[in-house]
Protein chains: 2
Amino acid sequence: MTSTLDQVFAALGDGTRRQILTMLLEDDMAVTDVAEPFEMSLAAVSKHLAILTRAGLISQEKRGRVKWCKLEPQAMREAVVWIESFGQLEALNFDAFEEFLERELSD
Amino acid sequence: MTSTLDQVFAALGDGTRRQILTMLLEDDMAVTDVAEPFEMSLAAVSKHLAILTRAGLISQEKRGRVKWCKLEPQAMREAVVWIESFGQLEALNFDAFEEFLERELSD
DNA sequence: GGCACATTCAACCATTTGGTTGACGATTAA
DNA sequence: TTAATCGTCAACCAAATGGTTGAATGTGCC
């Protein structure tokens, strides 16, 4: 049951990585610049970026010797849909909802 | 930097746990009943429930020898707020909602 | 060419996760 | 009181996380 959803949520489950994503809202950044505000090694930040890349939350493109990190916010979409749909489901009367589903999916 | 947000996102980063949350949408459940559809030991499910409890996504109350699990969906609120800050959450699109339903409720 | 810079790789370490099995304490029911 | 049920605990295992350091690889600059 390893889906993208697994990786997206897991990637978001770390404050350092959420902070990186927030930084990338402003602009694309080189790995070294991403690492600058953190009190950890460059290699550690590089690993965080790999996890974000694997989850599809960022992309990395090498130009010259610099690797640029770019936010890919649509990767969050599936997670948003899950979490938001969850909220909507919760508000529903489940029995009525099942009837609705049967009607809707039976053709 | 371990926040509730860390725990909520990390807890959601596992398909088994998301499925448990979906099951609990319908009604409160005993641990044994939660475990029933899964092909893993009761002890394993018990650990998943502990992780969900630590994240605040469910609560557990023991009555007699049965421990009841109850969804606490407001724990997701902080996560929704965070994720919404990326401006990706437009009005929920119905197609995506249906996709979600088919994924979550098909089996 | 040679040096400095940007980034990753490799090896290591401690902790957490996701699973197992078997024993155990608590509770209910016969 | 004895037996069955509910759920966790303890010990173990393999794999992943989050970090370190030091060496290696590319690339740009003088």
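Residue numbering restarts at 1 for every chain, and letters A, B, ... go by the order of the sequence lines.
One atom, NZ of Lys62(B), and another, P of dT27(C), lie 6 Å apart when rounded to the nearest Å. In this entry the distance linking CG of Leu42(A) with C1' of dG19(D) reads 13 Å, nearest Å. Following rounding to the nearest Å, Leu52(B) (CG) and dG7(D) (C1') show an atom-to-atom distance of 16 Å. For the pair Glu61(A) CD and dT7(C) P, the computed distance is 13 Å after rounding to whole Å. Taking atom CG on Leu49(A) and atom P on dA6(C), their separation rounds to 15 Å, with Å as the unit. One interatomic measurement links the two molecules: CG of Asp28(A) to C1' of dA6(C), which rounds to 17 Å at whole-angstrom precision. Per the geometry, CD1 belonging to Ile20(B) stands 13 Å off P belonging to dG7(D), to the nearest Å. As a whole-Å value, the separation of Lys67(B) NZ from dT5(D) C1' is 16 Å.
At the heavy-atom level, Lys47(B) lies under 4.0 Å from base atoms of the strands shown. Across all strands, Ile51(A) comes closer than 4.0 Å only to sugar-phosphate atoms, never to a base (heavy-atom distances).
Taking the side chain of Arg65(B) as heavy atoms from C-beta on, and the options dT21(D), dT5(D), dG19(C), the nearest nucleotide is dT5(D). Among the nucleotides dC9(C), dA11(D), dT7(C), the one closest to the side chain of Ala43(A) is dC9(C). Of all nucleotides listed (dG19(D), dG19(C), dT17(D)), dT17(D) comes nearest to the side chain of Arg54(A). Comparing dG18(D), dT20(C), dT8(D) by their closest approach to the side chain of Asp14(A) singles out dG18(D). The listed nucleotides are dG18(C), dT8(D), dT7(C); the one nearest the side chain of Arg17(B) is dG18(C).
Linking Ile, Leu, Val, Met, Phe, Trp and Tyr whenever their side-chain heavy atoms come within less than 4.5 Å leaves Trp68(A) and Ile51(A) in two separate clusters. Ile83(B) and Met23(A) fall within the same hydrophobic cluster, where Ile, Leu, Val, Met, Phe, Trp and Tyr residues are linked whenever their side-chain heavy atoms come under 4.5 Å apart, directly or through other members.
Nearest-nucleotide assignment on DNA chain D puts the 5′-proximal partner with Ala10(A), out of Gly64(A) and Ala10(A). Both Ala44(B) and Gln60(A) lie close to DNA chain C; mapped to their nearest nucleotides by heavy-atom distance, the more 5′-ward contact belongs to Gln60(A).
To the nearest 0.5 angstrom, Lys67(B) atom NZ is 11.5 Å from Thr32(B) atom OG1. Rounding to the nearest 0.5 Å gives a distance of 10.0 Å between CE of Met29(B) and CG of Leu49(B).
Not one side-chain nitrogen or oxygen of Arg63(A) sits closer than 4.0 Å to the OP1 or OP2 atom of dA6(C). Here His48(A) reaches the OP1 or OP2 of dG19(D): one of its side-chain N or O atoms lies under 4.0 Å away. In this structure, Ser41(A) does not reach the dG19(D) phosphate: none of its side-chain N or O atoms is under 4.0 Å from OP1 or OP2.
Looking at every heavy atom in both residues, Ala75(B) comes nearest to Gly56(B) through CB-O, 3.1 Å.
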